[in-house]
Amino acid sequence: MNKRYNPFEIEAKWQKSWEENNNFATTNDEGKENFYCLEMFPYPSGKLHTGHLRNYTIGDVIARYKKANGFNVLHPMGWDSFGMPAENAALKNNSSARKWTLANIEAMKADLRIMGLSYDWDRELATCKDDYYRHQQAFFIDMYEKGLVYKKEAMVNWDPVDMTVLANEQVIDGKGWRSDAPVERKMMNQWFMNITKYADELNDDIKLLEDWPERVKHMQTNWIGKSKGLQFKFKVNGSSDVEELEVYTTRPDTLMGVTFASVASEHPIAKEIAKTDAKAADFIKECQELGTSAVDIETAEKKGYKTPYTIVHPITGEEFPIYIANFVLMAYGTGAVMAVPAHDERDNDFAKKYDIAIKQVIEGEDPYGAAGKLINSAEFDGLEVAEAKKAVIAKIEGMGLGEGTTNYKLRDWGISRQRYWGTPIPFVECESCGTVPVKKEDLPVKLPDEIDITVKGNPLASDAEFVNTTCPNCGAAAKRTTDTMDTFMDSSWYFLRYTCPHSENVLDLEEVKKWMPVDTYIGGIEHAILHLLYSRFITKALRDCGYTPAELVEPFKRLITQGMVIAPSFQDSKGDYINPVDVAEEDGKPVHKETGEVLKVNRMEKMSKSKNNGVDPAILFEQYGADAVRTAIIFIAPVEKDLEWTENALEGCWRFMGRFWNLVHSTEIDLSNEKVYAIDELDTKEEKALKRIIHKTIKRVTDDLDKFQLNTIVAAIMELSNALAKVKVTDSDKMQALYAEGVKTAVQLFNPVAPHITEELWTDMGNTTSLTATDWPQAQEAALEDDEITLVVQVNGKLKAKLQVSASIAKDEAEKVALEAVVKDTEGKEIKKVIYVPGRLVNVVAV
RNA sequence: GGGUGAGUAGUCCAAUUGGUAGAGACAAAGGACUUAAAAUCCUUCCAGUGAGGGUUCGAGUCCCUCCUCACCUACCA
């Protein structure tokens, strides 16, 4: 046979064939186990980037592998298709967010098709379509009725020119990103999800996530930020209106060391004082003008204002001043702190600055550590910190001033967005009935397909047809809620909907039971906190609304967080970033292809638009075909590590494709030979060695796939391929039969990574069924064992000799030959000990 | 400041989980083929595992200290 490798032809051919034969429809075979393989669905920006490429290739390898291993595999894809970019694009192009989004979906779907991914497209969903979001509206109403959704006043970033609410990332240096107007802080009525109600469960269940990366679990834990402490009230002197100040502390043991209190600038006490105290008002204003960016916070000086109010120590009755302090957060705890300068670094700095007393109450060298015995603490003297915490809490509880509590950093989730392109919140504002949910049978509250997006503020609010309705309760004229939902809501349950995308109900309980939890969820580390936390929350909330089975506590069994795709960036003398496609190498230096200018090379960093260091996957496919690109993506780096993109590595994979192709197409050996010899039927060393390589490769590839060590499977297949390439038509018949067996095996093993070339070769070898319907090869145990091993002989841990011995060598015999081999090295020494590791080595300890 | 992870040939990466540091690839050099080049094939070269200490018969792997880098998080009381 002599046929040239033409990836473009065969890839298109097989993609068409898989589609026509519906090869990746989710199967439901009885007696097969189910496997749910999911990659994070993309935002349809219109273009595939290398991050997607990596994500979906990894997922596809797993899905195809599981399918070959006899699982019913659910491997769906869809679109996270609401969100601001569509509105921005509509504004820019004077077109429609919907049309733009749908066109992008089609464009990206075409790109995905070129990658040769094994999706069940019948389950495709798009969050911007009402057959998806209507169900989200339905359970949102249920959650409202269960108290998991509520409205409250909350601070937002308000752009006074565009008359719109801005997300934090749209505020740049305190100004609106588009209007450039100074952003105002404004209280607005907003919708919230009561995620804090689940804080404890979300925190506890992290321990169930055995197959999640540790660091993601840490991030989740830190984000939830559970702490135990004491919340209690000080009596306040100096005011007729304020009688007490409630504080939260994680260090109740230091209560006796309190010498002042500090409150946030937004604290009611601060506001109270500001009414009559101009200096206090000024100070509060100053605090609020301070930016909230990380840099501002880092550089800001810690400042305070001493108020005329004092707290009364609950045990000693002493009075201490209350300060308004610019570093106290209203959002955490009670917005007020009992300050213990002897044992808290920040309080210490503050006390020194304002000349406040410092009272040490714990012995020991490290004042900020939490160990030691209490001193200067009256009745608590002599207690260890842990005991003292309990004692103080008990004391304060006994006095009726407060109680031991648990506190979380986690805040309730504000989901209101004053924008058009999102899921409408299905509520109506009625003058007489208030906030009323839309009746379920009237869902969906449909987002207008076309809308005047150029109006200031939320376009929905200007759409009379959308806004004006009747009250579901009393029938009177009423107005719809015009807020839409945070897109994180859309992505917090899509994985459930995939199990039953055509169901008339929110979810089909049986299907959810069948497929959930997701067996492997693959995505970028950037979603380690919010998306995963919200998804975990919504899964639990849906369970409590009866939509999912009670036993489904966590949505994702195994989480794979892929690393970023990184590349160096290039800059010319003007500082402009030059894309790698325009860079050539001359004398080891990067130069601009057109101008010839030598470019500055920056360090490796994530491919991004701003650094113009990304490569366009479409170009790669055009040049190398999907199989080579997929292989390179898998081969270059382990899944969870950053992938340093180089064209050279891709070229290497391209060359490998050619060599692999030649195993079938430039050999005289008969590949239709189906005779498979067992290891003990083989005669020569070479035959046995090749047999072993074949079966060891099966084992290695299989084991590595099970461990998600995907880069090494490519290396193993290359090794097998290299070994096979050495076989000649002049070799023995058995050798030639082994060649056929080996090539067949290699094709099967390589299929999850490079599905097109393997299908083609499989067919060319005379097979009539698709590889997608072929079982994974099984390693023959007998062929995994060597009959000879290299026995390493060490003296005092240092390598001295290597001996070829029988694999079944006995301990005594091994030690005997080893000692003989190192006679010279042990001469005149006393042999103290001989260590024997079966099948590996003998270590002689001699002094 | 806190947390997490990672440092192995010139480069990307392996190493049976405490047992010969090298599987695979890139790059480089030489050779074969070619009128020539590309492609292809063959051959060769290169580290003692970031530094130091410890445990052990034996450490890339475990423990401690330090350095560098990356990511996350941050006035969280």
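Chain letters run A, B, ... following the sequence lines, proteins first and then strands; every chain starts at 1.
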**OP:** In whole angstrom, give me the gap between the P atoms of B/A29 and B/A23.
**Re:** 24 Å
Original post:
Distance check: side-chain N/O of A/K802 vs OP1/OP2 of B/U20, anything under 4.0 Å?
Top reply: no
Original post:
Is it true that A/E668 and A/K728 have a side-chain N and a carboxylate O under 4.0 angstrom from each other?
Top reply: no
Original post:
Taking protein heavy atoms under 4.0 Å as touching, what does nucleotides 24-31 of chain B look like 5' to 3' if B marks base contact, S marks sugar-phosphate-only contact and - marks none?
Top reply: BSSS----
Subject >> Phosphate OP1/OP2 of B/G58: any A/R840 side-chain N/O under 4.0 Å >> reply: no
Original post:
How are the rings of A/F260 and A/F350 set relative to one another: parallel (under 30°), tilted (30 to 60°) or perpendicular (over 60°)?
Top reply: parallel
Original post:
What is the nucleic acid contact for A/T790, judged by heavy atoms within less than 4.0 Å: base, sugar-phosphate only, or nothing?
Top reply: base
Subject >> Sugar-phosphate only, base, or nothing, as touched by A/V340 at under 4.0 Å among non-hydrogen atoms >> reply: nothing
Original post:
Heavy atoms under 4.0 Å, any strand shown: does A/V792 hit a base, just sugar-phosphate, or nothing?
Top reply: base
**OP:** Return no unless some side-chain N or O of A/Y248 is found under 4.0 Å from OP1 or OP2 of B/A77.
**Re:** no
Subject >> Along RNA chain B (nearest heavy atom to each residue), the more 5'-positioned of A/G333 and A/T712 >> reply: A/T712
Subject >> Value in whole Å for how far the P atom of B/G1 lies from CG of A/D349 >> reply: 14 Å
Original post:
Across the strands shown, which category fits A/D642 at heavy-atom distances under 4.0 angstrom: base, sugar-phosphate, nothing?
Top reply: sugar-phosphate
**OP:** Quote, to the nearest angstrom, the C1' distance that separates B/C57 from B/G52.
**Re:** 23 Å
Subject >> Spacing of A/L230 atom CG and A/N407 atom CG [to the nearest 0.5 Å] >> reply: 11.5 Å
Subject >> Contacts of type side chain to side chain donor-acceptor pair (under 3.5 Å), residue A/R346, not counting sequence neighbours >> reply: none
Original post:
Under 6.0 Å from the NZ atom of A/K353, do we count more than 12 heavy atoms belonging to anything else shown?
Top reply: yes
All N/O donor-acceptor pairs, side-chain side in residues 832-847 of chain A, below 3.5 Å, sequence neighbours left out:
from: A/N843; atom 1: OD1; to: A/N796; atom 2: N; distance (Å): 3.4
from: A/N843; atom 1: OD1; to: A/G797; atom 2: N; distance (Å): 3.0

Subject >> Anti/syn call for B/G48, syn if |chi| within 90° >> reply: syn
Subject >> Below 4.0 Å: OP1/OP2 of B/A14 and any side-chain N or O of A/N711 >> reply: yes
Original post:
Counting any heavy atom closer than 4.0 Å, what does A/K409 reach on the DNA or RNA strands: base, sugar-phosphate only, or nothing?
Top reply: base
Subject >> Heavy-atom neighbours of A/K306 NZ exceed 12 at 6.0 Å >> reply: no
Subject >> Comparing A/W223 and A/A331 on RNA chain B - which has the more 5′ nearest nucleotide >> reply: A/W223
**OP:** Give the nucleotide from the list B/U20, B/A77, B/A14 with an atom nearest to the side chain of A/L329.
**Re:** B/A77
**OP:** Measure distances between side-chain N and O atoms of A/R251 and base N and O atoms of B/A77, and say whether any donor-acceptor pair falls under 3.5 Å.
**Re:** no
**OP:** Rounded to whole angstrom, note down the C1' distance from B/U34 over to B/C41.
**Re:** 13 Å
Original post:
How close or far is atom C1' of B/G19 from atom OH of A/Y836, stated in whole angstroms?
Top reply: 13 Å
Subject >> A/E286 and A/K303 ion-paired at < 4.0 Å >> reply: yes
**OP:** Please work out if A/P213 contacts a base, only the sugar-phosphate, or nothing of the nucleic acid, heavy-atom cut-off 4.0 Å.
**Re:** nothing
**OP:** Give a yes/no on whether any side-chain N or O of A/Q709 is located under 4.0 angstrom from OP1 or OP2 of B/A15.
**Re:** yes
Subject >> N-O pairing of A/R700 and A/D704 below 4.0 Å >> reply: no
**OP:** Give the dot-bracket string for RNA chain B, reading 5' to 3', where a pair is Watson-Crick or G-U wobble with both distances under 3.5 Å, ( ) marks pairs inside the strand, [ ] marks pairs crossing earlier ones, | marks a partner on another strand, and . marks unpaired.
**Re:** (((((((..((((.....[..).))).(((((.......))))).....(((((..]....))))))))))))....
Original post:
Taking atom CG of A/N222 and atom CD1 of A/I529, what is their separation to the nearest 0.5 Å?
Top reply: 8.0 Å
Subject >> A/P213 versus A/L559, closest heavy-atom pair with distance >> reply: CD-O, 3.4 Å
**OP:** Any chance you could measure A/L819, atom CG, to A/D825, atom CG, to the nearest 0.5 Å?
**Re:** 11.0 Å
Original post:
Once you round it to whole Å, what is the distance between P of B/C13 and CH2 of A/W645?
Top reply: 14 Å
Heteroatom pairs (N/O) under 3.5 angstrom, protein to nucleotides 2-8 of chain B:
none

Original post:
Quick one: does A/F708's side chain get under 4.5 Å of A/R558's, heavy atoms only?
Top reply: yes
**OP:** Have a look at B/U17 and give me syn or anti from its glycosidic angle (syn if within 90° of zero).
**Re:** syn
Subject >> Pairs flagged by side-chain hydrogen bond (donor to acceptor under 3.5 Å, both in side chains) wherever residues 251-263 of chain A is involved - sequence neighbours left out >> reply: A/R251-A/D253
**OP:** Sticking with atom P, work out how far B/C45 lies from B/G24, rounded to a whole angstrom.
**Re:** 14 Å
Subject >> Between B/C63 and B/A6 - P atom distance, rounded Å >> reply: 11 Å
Original post:
NA contact type, A/Q794, heavy-atom cut-off 4.0 Å: base, sugar-phosphate, or nothing?
Top reply: base
